[in-house]
Visitor: 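Below you will find the structure I want to go over with you.
Because the structure is predicted, anything quoted here is derived from the model rather than measured. Whatever order the structure lists ligands and atoms in, that order sets their numbers, starting from 1.
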Amino acid sequence: MGVQALYALQNGFLGAPRSLLFYGDFSAERAQIPVACYLVRATDGTILFDTGLSPRAVPGLLRNDPMACFTNEDLLVHRLDVLGLEADDIDVVVLSHLHYDHAGGAELFARSELVVQKDEYAYALYPAPFFASFYYRKNFDLPDRRWRLLDGDVELAPGVTVLRTEGHTPGHQSLMVELPETGPVILTGDACYWQEHLDAERVPGVVWNPTLALHAIKRLKTLARLTGARVFPGHDPEFWRTVKQSPDAYR
Ligand SMILES: [Zn+2]
């Protein structure tokens, strides 16, 4: 019983100015950041954490963002195909939040349970004007799907636990995955963009509530210290160069 493997799936790259990466940094200097999804194989089923960019959105991003980079292999369906999986094989899709680079592929999973915090779903449908450009309604306005709206932490399956980490957005959530050999891993999503956000307690530049975002970072740091978990930040180019990428897996 429990988790068998964790796969890191690359879903292309975006360009982002430091002002969007680090709260209070006004530099326009840009960095190329990875877009990541993760697949968890467990005895009870197959769980996907985040769905990356919508293929529909990619042409526009490639046109408007000189650092955007997206190959055919980066398509989520192709990443799953390499693992012998189709969208219908995914039992549960956990969405850290509903920003366009995390919820873009949600519509692919017609058979899956879609897990998101209730507050995130409500806010994404009616975001504040300053945040509206990060939410593409087409990505998540899917009323015929099986949405499971959470209100806080929950253990989804043995060794797979949702951790509420709001702040970046009103209902952001991270995922702790307890692996038999590697030990616990925390997939932060956008609660921590880079390792630097964790180490220096830097809040993401794109943020709904910076105080809560800082609490989320401290919460994940504390949990990591108490459990010995490794922390996988959401958009860290340095980390991404060292991560074991699919089809290799953390066991
Ligand atoms: Zn985000």
Side-chain angles (χ1 to χ4, degrees), residues 9-25 30-38 48-54 57-58 60-61 64-65 67-68 70 76 93-106 114-141 150 162-175 186-198 202-217 219-220 231-237 239-240:
L9 314 179
Q10 180 174 295
N11 186 240
F13 292 83
L14 296 173
R18 283 187 65 87
S19 58
L20 287 190
L21 293 171
F22 293 94
Y23 186 69
D25 190 326
R30 293 178 79 83
Q32 192 182 44
I33 60 169
V35 177
C37 310
Y38 290 90
L48 184 68
F49 180 68
D50 278 344
T51 62
L53 294 158
S54 167
V58 167
L61 292 164
N64 297 318
D65 175 357
M67 280 186 172
F70 200 93
L76 183 53
V93 175
V94 178
L95 295 161
S96 62
H97 61 309
L98 296 174
H99 280 170
Y100 68 87
D101 55 332
H102 296 262
L114 301 174
V115 178
V116 68
Q117 295 284 320
K118 186 166 58 182
D119 292 340
E120 182 70 16
Y121 195 78
Y123 187 85
L125 289 171
Y126 300 98
F130 77 90
F131 237 23
S133 64
F134 293 95
Y135 289 106
Y136 295 0
R137 196 176 177 120
K138 274 187 185 168
N139 290 337
F140 49 80
D141 193 3
L150 301 182
V162 165
L163 303 169
R164 180 154 171 136
T165 46
E166 84 262 34
H168 173 63
T169 62
H172 190 280
Q173 57 189 5
S174 304
L175 195 69
I186 296 174
L187 309 174
T188 68
D190 282 359
C192 297
Y193 280 168
W194 292 7
Q195 181 67 36
E196 186 179 344
H197 291 74
L198 207 65
R202 297 288 307 267
V203 170
V206 175
V207 68
W208 165 72
N209 182 320
T211 303
L212 292 177
L214 183 61
H215 289 177
I217 289 168
R219 175 171 199 230
L220 293 180
V231 179
F232 288 10
H235 287 293
D236 188 333
F239 162 74
W240 199 247

Visitor: For atom CZ of F239, decide whether the heavy atoms of other residues, nucleotides or ligands shown that lie under 6.0 angstrom number more than 12.
Guide: yes
Visitor: How many protein N, O or S atoms sit closer than 2.8 Å to the Zn ion (ligand 1)?
Guide: 4
Visitor: Between the main-chain N or O of L53 and the side-chain N or O of N11, is there a donor-acceptor pair closer than 3.5 Å?
Guide: yes
Visitor: Report, one line per pair, each donor and acceptor closer than 3.5 Å where one atom sits in a side chain of residues 187-194; sequence neighbours left out.
Guide:
from, atom 1, to, atom 2, distance (Å)
T188, OG1, C192, O, 3.1
T188, OG1, F232, O, 3.3
T188, OG1, G234, N, 3.3
D190, OD1, H102, NE2, 3.1
D190, OD1, H235, NE2, 3.0
D190, OD2, H97, NE2, 3.1
D190, OD2, H102, NE2, 3.0
D190, OD2, H168, NE2, 3.2
W194, NE1, H235, O, 2.9

Visitor: Assign the ring pair Y38 / W240 to parallel, tilted or perpendicular, where the plane angle (0 to 90°) is split at 30° and 60°.
Guide: perpendicular
Visitor: Suppose the criterion is salt bridge (Lys or Arg N to Asp or Glu O under 4.0 Å): which pairs have a residue in residues 114-123, not counting sequence neighbours?
Guide: D119-R164
Visitor: Applying salt bridge (Lys or Arg N to Asp or Glu O under 4.0 Å), which residue pairs with at least one partner in residues 203-215 are found, sequence neighbours left out?
Guide: none
